[in-house]
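So the structure is just underneath, and the comments pick up after that.
Just so you know, ligand 1 is whichever comes first in the structure, and atom 1 is the first atom listed for that ligand.
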Amino acid sequence: MALDRVVAEPILELEGISKSYGGVKALTDVSLTLRPGEVVALVGDNGAGKSTLVKTMAGVVKPDKGRYTFEGKNVSINGPSDASDLGIQTVYQDLSLCNNLDAVQNLFLGREQTLPWWRGGRIQRAECEVRARQVLRKLRLDSIALDRNVGAMSGGQRQNIAIARSILWEPKVVLLDEPTAALSHSAAEQVGVLIRELAAHGLAVLVISHDIHHFVIDVTDRIEVLRLGQNAASFSSKDVTGERVVNAMVGGEEGINSAG
Ligand SMILES: Nc1ncnc2c1ncn2[C@@H]1O[C@H](COP(=O)(O)OP(=O)(O)O)[C@@H](O)[C@H]1O
Ligand SMILES: [Mg+2]
């Protein structure tokens, strides 16, 4: 590995984050640290607060209290554009891809203000293709056909296009909410390879996943467990079994069933 994950300074640090929705405490005093070159898994049962924590990092949810530090500086995040200005990109579960558009169009979706090529500009389309090809090559996704409608692509390819889109403008942090939820085992493996590629380029990656025994253990470096909106455990992925992680998720005693 080119980067020494042990000594890399944190890029994003959340401390003491709490968020309630009416009477529901979604997060209570949660802390989380991301470092360049490291892939962190965020795991927990349904309702544990994973998505709320990701949305807090993405500026979509404003926490009731807590500190947000980016590159060593205390920052105030008041909306998604504040997070994206810092270089934080999020890929949500629904992907927000348009099935009737091709890969290039999807990569530049939502950036029409700077690239209005479908109002007639052939040259701009060509520029988009060049940039798309660069990004896909950098991510070793050359096999994706640029001019094919994404609706005709496999789930793994669609997920990879959504991830590629998030890194088009060279973020420093990528947050992924369940990128493998709807995927077959082999498609999830493809996405895992891409996620390692992002970290190899020095990005900090946070990924929510329920696939503890394969994806989380195999792809990530560190596992952060949320339970009932609180930090429950933290593991180095190479030193832990899936069973121990699952026990921490459900609040079972650590070590139970570890022989099975
Ligand atoms: N917008 C919301 N309004 C009300 N309650 C919410 C909202 N978002 C999340 N919650 C609640 O907060 C808790 C944590 O939810 P969430 O972060 O989605 O958990 P997870 O992603 O781990 O399944 C749940 O009890 C959920 O019902
Ligand atoms: Mg969720």
Side-chain angles (χ1 to χ4, degrees), residues 12-34 39-68 77-84 88-97 155-156 158-159 162-163 165-166 173-183 187-188 191-192 195 204-217 219-235 237 240 242-252 254:
L12 194 163
E13 288 174 279
L14 297 179
E15 290 170 278
I17 300 287
S18 296
K19 175 71 185 178
S20 293
Y21 292 105
V24 179
K25 286 183 168 179
L27 298 172
T28 306
D29 203 19
V30 170
S31 296
L32 185 82
T33 299
L34 302 182
V39 181
V40 175
L42 184 62
V43 307
D45 252 341
N46 287 332
K50 305 178 298 296
S51 293
T52 303
L53 189 60
V54 163
K55 287 178 186 163
T56 300
M57 286 186 258
V60 174
V61 162
K62 180 97 183 146
D64 302 326
K65 69 179 199 58
R67 272 182 311 285
Y68 194 120
I77 303 286
N78 292 305
S81 62
D82 287 350
S84 59
I88 299 165
Q89 287 288 327
T90 313
V91 183
Y92 293 103
Q93 209 172 344
D94 67 8
L95 298 187
S96 341
L97 295 179
R158 289 163 47 77
Q159 182 61 249
I163 295 170
R165 182 173 63 188
S166 78
V173 176
V174 176
L175 312 172
L176 303 147
D177 195 343
E178 302 203 39
T180 62
L183 300 184
V191 172
I195 285 173
V205 183
L206 179 77
V207 54
I208 294 178
S209 176
H210 288 283
D211 184 0
I212 308 298
H213 293 278
H214 299 109
F215 184 84
V216 167
I217 295 281
V219 172
T220 71
D221 300 306
R222 176 158 55 91
I223 304 168
E224 297 293 339
V225 183
L226 289 183
R227 186 170 71 240
L228 305 172
Q230 295 180 274
N231 290 109
S234 175
F235 303 104
S237 309
V240 77
E243 249 149 357
R244 255 185 99 191
V245 177
V246 171
N247 278 334
M249 285 167 56
V250 300
E254 272 190 23

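To the nearest 0.5 Å, atom OG of residue Ser51 and atom CD1 of residue Ile208 are 4.5 Å apart. The distance from atom CD1 of Ile223 to atom CG of Leu42, rounded to the nearest 0.5 Å, is 11.0 Å. Atoms NZ and CG, on Lys25 and Asp64 in that order, are 10.5 Å from each other to the nearest 0.5 Å.
Under the salt bridge (Lys or Arg N to Asp or Glu O under 4.0 Å) criterion, Arg227 pairs with no residue at all, not counting sequence neighbours. Take Asn78 and apply the side chain to side chain donor-acceptor pair (under 3.5 Å) test, not counting sequence neighbours, and it matches Lys62, Ser76.
Contacts of ligand 1 (protein heavy-atom distance under 4.0 Å) are Tyr21, Val24, Ala26, Asp45, Asn46, Gly47, Ala48, Gly49, Lys50, Ser51, Thr52.
The only option from Gln89, Lys55, Met57 that meets the side chain to side chain contact (heavy atoms under 4.5 Å, CB included) definition with Leu175 turns out to be Met57.
Within the protein, the number of N/O/S atoms found under 2.8 Å from the Mg ion (ligand 2) is 1.
Residue Leu228 places its CG atom among 12 or fewer non-hydrogen atoms of other residues, nucleotides or ligands, all under 6.0 Å distant. Other residues, nucleotides and ligands contribute more than 12 heavy atoms inside 6.0 Å of the NE2 atom of His210.
Pro80 and Val60 get closest at one heavy-atom pair: CG-CG2, 4.1 Å.
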